[in-house]
Colleague: 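Okay, here's the structure, questions in a sec.
In what follows, every chain begins at residue 1, and chains take the letters A, B, ... in the order their sequences are listed. This structure is a prediction, so every number in the text was calculated from the model and none was measured.
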Amino acid sequence: MYLYIRPKVESHRDWEKIWFGVMLVIVVIFVAWSYVSVISGDTATYRYGLPLASGVPKPLPNGTVVIYMEGVQWAWVPMNATEIIYSPNGTQMNISVTANVISYVNGYPYIKVLPHQPVEMILYSNNVVHAFYLRLPHGPQNVNVVPGIDSYSFFFAPSTVGNYTFHCAEYCGVGHSYMYGYLEVM
Amino acid sequence: MAKLYPKSALGISLLYTAGGLAWLAAMGIAAMWFRTILLSPHVNVKAGYAIAPLYYFLVTFHGQAAMMIIVEDVALSVFAYSLYKSGMGTIHNKILTAAFWLINVPMIIEFIGGPSTGWYMYPPLSLQLGSWIYFGTFAPSLAEKLIGLAYFMMFVNAVGVIIGSITMFLDAYKTRPKEGKIPVFAAYGMAFGGALLFVTEFALAAAELWYVLYFWASVPVNPLTWVVLFWFWGHPVVYYAPFTIFGGLYYLIPKFAGRPLFSEKWARYNIILLFTFSMLAWVHHLQTWPLPVVLRAFITPTTLILAAGSGLTVLNLGLTIATGKGYQWKNPVGLASLVALIGFILAGLQALILPINPLNVIVHNTYYVVGHFHLMIWTIIIVGYVSILLDMLTSKMNGATLTSLSSGMVSGGIIMWTIGAFLLGYTMSYAGYEGLIRRWVAYPVRFVPYMDAMTFFAIIMGASFVMYGLPVLFTLLGVKTSLFWQTAGLSGVSNASIPGGSSPSPTMASQDHNTMKNTIKEINSKTTDASKKDKSLLN
Ligand SMILES: [Cu+2]
């Protein structure tokens, strides 16, 4: 490989041009894929979890449970669950389901939903920055909650019955790791 | 009182090295401490809340010492050494020494306050009195003054970095070669140990001053604006050390490959690319934040272009090795340079998914990221720095070589360290992918085996750090150096690392000749005095 004599180092420059070309193609592909998947919403993760609600479907699908979720130091406080139902003539009805959906187990919030049920969390904080993190089989939700700005997490409940834990993912003080709750698919 | 400060670039370099190593030891102890805490998942909520303040203080101390002190010490130390190696130098040694103290000392007051804010100290958490486990215990009116003081001390640290970096940059410019280009090593030093620090450190200084004004003058802090400002420093800071060290690798790897750098031209072009895009990638840390979509879309290509630039460095150095005359990896300095390069590749691979929006959310705020950046630090920064440091100590020891004992300790230590680093880094990343969130003092019990493995690998790293750190430390302190260094070439170590030693390649001869002249000049004039000064500083 290094048996031949070359007059100058410069004669090897081709490698770097090839590198440059290959990198350019890779960058374009990755960026395009990233943009397309965000715009079209065909990735489970980023799909409807955009903090600015840019990916949340409008109108919300029939049967969506909308929950106002407040992050405090240190707990998630779900409130005002409503189910969105469209009547045959298309009128949207918001039915309060708080009593059926929200309960507490050992002091931790416990949210009950049905398989495949669409869920929208309206996330807000009145104190520090938190992040809503929920790892589902078809991809995680991971959205920061900045005080003064509503964030949105929209997802479909998993198809199988089971218990999932949501957490706070942004360090928010000494109780950060105890800031969690459950999503029960029943 | 004659010698209160080093009088040469080498002396300045050793001074900053001493600072960096002292803080490195302290932050390493903090890491081992909180790893011990993490052996328990703290299922018991009461116990978890009881240990949490200590845990979060240790985590904060660990991160702040690394990001605000060690990284800057290392970058400026390597920058100064690049000047020494390039026949350039420092002129304003008094100012550079003053900057050293500003960088390394004031934050002790901040640490006394017991910050548990995390190193990126997001508002408004970091403005809560309860986030300061000591200063927060005073009456609120006093606590506010004290926490304001703590942030002011952090501001002073940032000012120290600004002064140190601009002074060294201007000194470098004044002492640049009369003819020809600035050598690549010094060019990287000027760009990333000088200009990049100077340009971006203002963002940190401003963010810290904003906090000071919040406490001392009731100026409100907007969380979103603050974090965007902060990351204009918070991202480039991770490049201060590694990109400056790249310069060192551009200098060292050709020596051990026995040929000139594959393409010096691209090494120089890369400076512009890395310098620009390191700042344009800043909010890629905030992809799950409610930032405008345009901004989040912008950082995907900038980050990938930056990655391509880093890859070009790897290609350049890799081809230098591949087309060289057989790489001298048995030399501890050669081995360390090679390991730094390989580590940079393997840690870089982990990062490739991060700028992609749909993939970032899978791992954002998890141990995946923690594993990635620690592996980067352990290889390109720590091992890369060790390679430069050994070369530096060779200069300090007037061209002596490592004994078989010390070269065995260094090579063995680095190999063991790197194996531990890969195991730990990739375990962290896998656990993060599985859903282990960073900064949890309590975690789901299914992660206990991961945590135990991490602690075990960390202990391997701690032990190997002692192994290769001891020869370095003893040499810096001037204790028992005869154990670790010999003047006759009797060891298995190639003398290629000696300035002016027999050159492995005829093409390298002129450069070696140049450094030998420098070495002799330094020895005859001020180096030895400067080193003595460093010893007294350390004692
Ligand atoms: Cu939280």
Colleague: Between the main-chain N or O of A169(A) and the side-chain N or O of N365(B), is there a donor-acceptor pair closer than 3.5 Å?
Modeller: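 Between the backbone of A169(A) and the side chain of N365(B) there is a qualifying donor-acceptor contact (under 3.5 Å).
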Colleague: Does S177(A) use its side chain to pair, donor to acceptor, with the backbone of W440(B) at less than 3.5 Å?
Modeller: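 No; zero donor-acceptor contacts below 3.5 Å.
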Colleague: Determine whether more than 12 heavy atoms belonging to other residues, nucleotides or ligands lie under 6.0 Å from atom OH of Y124(A).
Modeller: yes
Colleague: Just so I understand: if I count every heavy-atom pair under 4.5 Å between each of L24(A), V28(A), V145(A), V27(A) and chain B, which residue has the most?
Modeller: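 Of L24(A), V28(A), V145(A), V27(A), V27(A) has the most heavy-atom pairs under 4.5 Å with chain B.
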Colleague: Hey, which of L312(B), L304(B), T300(B), T117(B) has the most heavy atom pairs under 4.5 Å with chain A?
Modeller: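 If we count pairs closer than 4.5 Å to chain A, L312(B) comes out on top.
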Colleague: Over all heavy atoms of both residues, which pair between A52(B) and V174(A) is shortest? Give the atoms and the distance, please.
Modeller: CB-O, 3.5 Å
Colleague: Which one wins on heavy-atom pair count under 4.5 Å against chain A: G48(B), G118(B), P223(B)?
Modeller: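 Maximum pair count with chain A is reached by G48(B).
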Colleague: Can you confirm whether more than 12 heavy atoms, excluding those of Y327(B), are under 6.0 Å from its OH atom?
Modeller: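 Enclosed: over 12 neighbouring heavy atoms sit under 6.0 Å from OH of Y327(B).
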Colleague: Taking CZ in F34(B) as the centre, count heavy atoms belonging to other residues, nucleotides or ligands within less than 6.0 Å. Is the count above 12?
Modeller: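 Yes, enclosed.
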Colleague: Taking side chain as everything from C-beta outward and backbone as N, CA, C, O, which of these in Y133(A) sits under 4.5 Å from a heavy atom of chain B? Side chain, backbone, both or neither.
Modeller: side chain
Colleague: Is there a donor-acceptor pair closer than 3.5 Å between any side-chain N or O of R135(A) and the backbone N or O of Y433(B)?
Modeller: yes
Colleague: Using a 6.0 Å cut-off, check whether atom CG of N163(A) has over 12 heavy atoms from anything other than its own residue.
Modeller: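 Counting other residues, nucleotides and ligands, CG of N163(A) exceeds 12 neighbours.
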Colleague: Taking atom OH of Y122(B) and atom CG of N144(A), what is their separation to the nearest 0.5 Å?
Modeller: 7.5 Å
Colleague: Between atom OH of Y49(B) and atom OH of Y178(A), what is the distance when rounded to the nearest 0.5 Å?
Modeller: 8.0 Å
Colleague: Has F30(A) got more than 12 heavy atoms of other residues, nucleotides or ligands less than 6.0 Å from its CZ?
Modeller: no
Colleague: Between V143(A), I149(A), L123(A), which is the residue that forms a side chain to side chain contact (heavy atoms under 4.5 Å, CB included) with P290(B)?
Modeller: I149(A)
Colleague: Counting C-beta onward and ignoring hydrogens, is there a side-chain heavy-atom pair between P444(B) and H167(A) closer than 4.5 Å?
Modeller: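 Touching, per the 4.5 Å side-chain cut-off.
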Colleague: Given the side-chain rings of Y56(B) and Y171(A), with only the six-membered ring counted for Trp, is the space between their centroids under 6.0 Å?
Modeller: yes
Colleague: If you measure from CG on L125(B) to CD on Q73(A), what distance do you get to the nearest 0.5 Å?
Modeller: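 One finds 6.0 Å between CG of L125(B) and CD of Q73(A).
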Colleague: What part of S116(B) gets closer than 4.5 Å to chain A, counting heavy atoms only: side chain, backbone, both or neither?
Modeller: both
Colleague: I'd like to verify something: which residue of G311(B), A307(B), G130(B) has the highest number of heavy-atom pairs under 4.5 Å with chain A?
Modeller: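 The candidate making the most pairs under 4.5 Å is G311(B).
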Colleague: Quick one: SG on C172(A) to CD on Q128(B), what's the gap to the nearest 0.5 Å?
Modeller: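 Answer rounded to 0.5 Å: 9.5 Å.
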Colleague: By a 4.5 Å heavy-atom criterion (distance strictly below it), what part of Y120(B) contacts chain A: side chain, backbone, both, or neither?
Modeller: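 Contact with chain A: side chain only.
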Colleague: Taking atom CE of M186(A) as the centre, report whether more than 12 heavy atoms of other residues, nucleotides or ligands fall under 6.0 Å from it.
Modeller: no
Colleague: Roughly how far, to the nearest 0.5 Å, is NE2 of H176(A) from CZ of R438(B)?
Modeller: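 Between atom CZ of R438(B) and atom NE2 of H176(A) there are 9.5 Å.
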